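Chain identifiers are assigned alphabetically (A, B, ...) following the order of the sequence lines, protein sequences preceding nucleic acid strands; residue numbering begins at 1 within each chain. Since the structure is predicted, the reported quantities are computational estimates derived from the model, not experimental observations.
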Protein chains: 2
Amino acid sequence: MTQDQPQDDAPYYRIEQVAARTGLTKRTLRYYEEIGLLPPPARTEGNYRLYSEADITRLERILALKEALGLTLSEINAFIQMEEERDDIRALYHETSDPAARLAQIERAAAIARQQLDLVERKLRTLTNTRDALQERLRRYDALREELAGQKIVGD
Amino acid sequence: MTQDQPQDDAPYYRIEQVAARTGLTKRTLRYYEEIGLLPPPARTEGNYRLYSEADITRLERILALKEALGLTLSEINAFIQMEEERDDIRALYHETSDPAARLAQIERAAAIARQQLDLVERKLRTLTNTRDALQERLRRYDALREELAGQKIVGD
DNA sequence: GCCAACGTTTACGTCAACGTCAAGGTATGG
DNA sequence: CCATACCTTGACGTTGACGTAAACGTTGGC
């Protein structure tokens with residue numbers, strides 16, 4: 001009856017809705033949870049999964065990494081793990097009084113970030129090259145088209 | 001310009017050498033050929049595969065697409081197919097006298113290139129965002145490090 | 001002429017990333 | 001109270017991208 005879904009405060013979605021919204025299947029959502037890529041979402045009294053906006057945000061991040069970087073699920077897992085390690089370190093940082101320990105934590109996080117940045121920049125370079133080549137090609141097509149338009153008039 | 005087959009400087013490589021050069025396995029090379037991703041290379045009298053520099057170039061192109069774009073093999077196949085279609089169209093173009101037909105061919109090729117460009121640019125955007133986020137993170141780490149250095153002195 | 005190293009095809013094995021039932025529990029309109 | 005539509009957890013099937021082993025041919029050195 002008084003379920004948890006007031007209209008202005010209903011930040012939870014059932015699996016089918018999340019599937020529809022992300023374009024994934026329900027199976028895929030359960031699978032991602034199964035392999036630890038998605039944290040287990042909340043559950044209803046009847047054991048239904050309830051995804052929050054945060055869950056969906058994370059999902060969309062996963063999909064972006066999958067699409068754009070072409071990473072495997074375990075690579076994505078590692079990638080996100082590192083991102084969260086930053087948060088952990090941030091939390092730890094404020095609970096750590098020893099400056100040397102703090103420094104070590106920062107160094108660890110920074111090393112991870114640099115590693116990820118390297119990976120991303122490598123892919124960016126190849127992608128940029130491909131884009132430039134395609135743009136150059138399109139320019140040539142445009143030139144050819146103009147040339148043709150001229151020919152057409154002349155040949156007419 | 002006519003170096004089709006120099007005598008001792010053979011521009012042909014056996015499968016093991018190609019594997020070593022590209023970091024792939026022999027199985028993978030045969031597999032790529034099997035699914036039509038690599039054109040069947042030349043053969044020796046004894047039926048050994050002989051890869052040309054062009055074959056290796058194409059292979060490296062495939063690997064770049066795999067690494068940077070994260071495409072599946074069939075997607076790579078389609079991608080390259082389009083690129084070759086452009087060449088075909090280019091050849092056809094010069095054998096076609098009818099300006100209207102030429103224009104149609106150019107339009108077809110341009111449409112393909114635009115489609116590819118869209119794909120590449122979508123991935124580029126996500127990648128650029130990821131890179132910017134990582135750089136921002138690294139800057140924050142640097143700031144934290146400086147802050148720590150200050151604390152260290154103060155606390156000393 | 002032989003043999004070890006490298007090649008060939010054929011075929012089954014594997015692992016990731018899901019798809020697809022099957023058997024049952026849960027919410028809801030009539 | 002029941003139908004039905006959505007959910008749950010297994011459990012087995014499928015596909016892409018190879019690995020691996022078997023059975024056999026080729027090449028090069030001694």
Worksheet entry | Interface residues of residues 59-79 of chain A with DNA chain C (non-hydrogen, below 4.0 angstrom) | Lys66(A), Thr72(A), Leu73(A)

Checking [X] now: which residues fulfil side-chain hydrogen bond (donor to acceptor under 3.5 Å, both in side chains) with it, not counting sequence neighbours?
X: Thr25(A); answer: Thr28(A)
X: Glu136(B); answer: Arg139(B)
X: Arg30(A); answer: none
X: Glu34(A); answer: none

Fill in: Asp132(A): side chain to side chain contact (heavy atoms under 4.5 Å, CB included) partners, not counting sequence neighbours
Thr128(A), Gln135(A)

Worksheet item: Residues in side chain to side chain contact (heavy atoms under 4.5 Å, CB included) with Ala110(A), at least two apart?
Response: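 Partners of Ala110(A) under the side chain to side chain contact (heavy atoms under 4.5 Å, CB included) test: Arg114(A), Leu138(B), Tyr141(B), Arg145(B).
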
Worksheet item: Counting only non-hydrogen atoms, which of residues 42-57 of chain B are less than 4.0 Å from DNA chain D?
Response: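 Gly46(B), Tyr48(B), in order of number.
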
Discussion item. Below 4.0 angstrom, which residues in residues 24-37 of chain B have at least one non-hydrogen atom near DNA chain D?
Written reply: Thr25(B), Arg27(B), Thr28(B), Tyr31(B), Tyr32(B)

Discussion item. Taking salt bridge (Lys or Arg N to Asp or Glu O under 4.0 Å) as the cut-off, I'd like each qualifying pair that reaches into residues 60-78 of chain B, sequence neighbours left out, listed once.
Written reply: Arg61(B)-Glu83(B)

Worksheet entry | Other ILVMFWY residues reachable from Ile112(B) by side-chain steps of under 4.5 Å |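 Once heavy-atom contacts under 4.5 Å are chained together, Ile112(B) belongs with Met82(B).
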
Discussion item. If I take atom CD in residue Gln17(B) and atom C1' in nucleotide dG7(C), what distance separates them, rounded to the nearest angstrom?
Written reply: 12 Å

Distance-only donor-acceptor pairs under 3.5 Å for side chains of residues 48-58 of chain B, two or more places apart:
residue	atom	partner	partner atom	Å
Arg49(B)	NE	Glu33(B)	OE1	2.6
Ser52(B)	OG	Ala54(B)	N	3.3
Ser52(B)	OG	Asp55(B)	N	3.2
Ser52(B)	OG	Asp55(B)	OD2	3.3
Glu53(B)	OE2	Tyr13(B)	OH	2.5
Asp55(B)	OD2	Ser52(B)	N	3.0
Thr57(B)	OG1	Glu53(B)	O	2.9
Arg58(B)	NE	Leu37(B)	O	3.2
Arg58(B)	NH1	Glu84(B)	OE2	2.5
Arg58(B)	NH2	Leu37(B)	O	3.1

Worksheet entry | Thr44(B) side chain to Gly46(B) backbone, donor-acceptor under 3.5 Å | yes

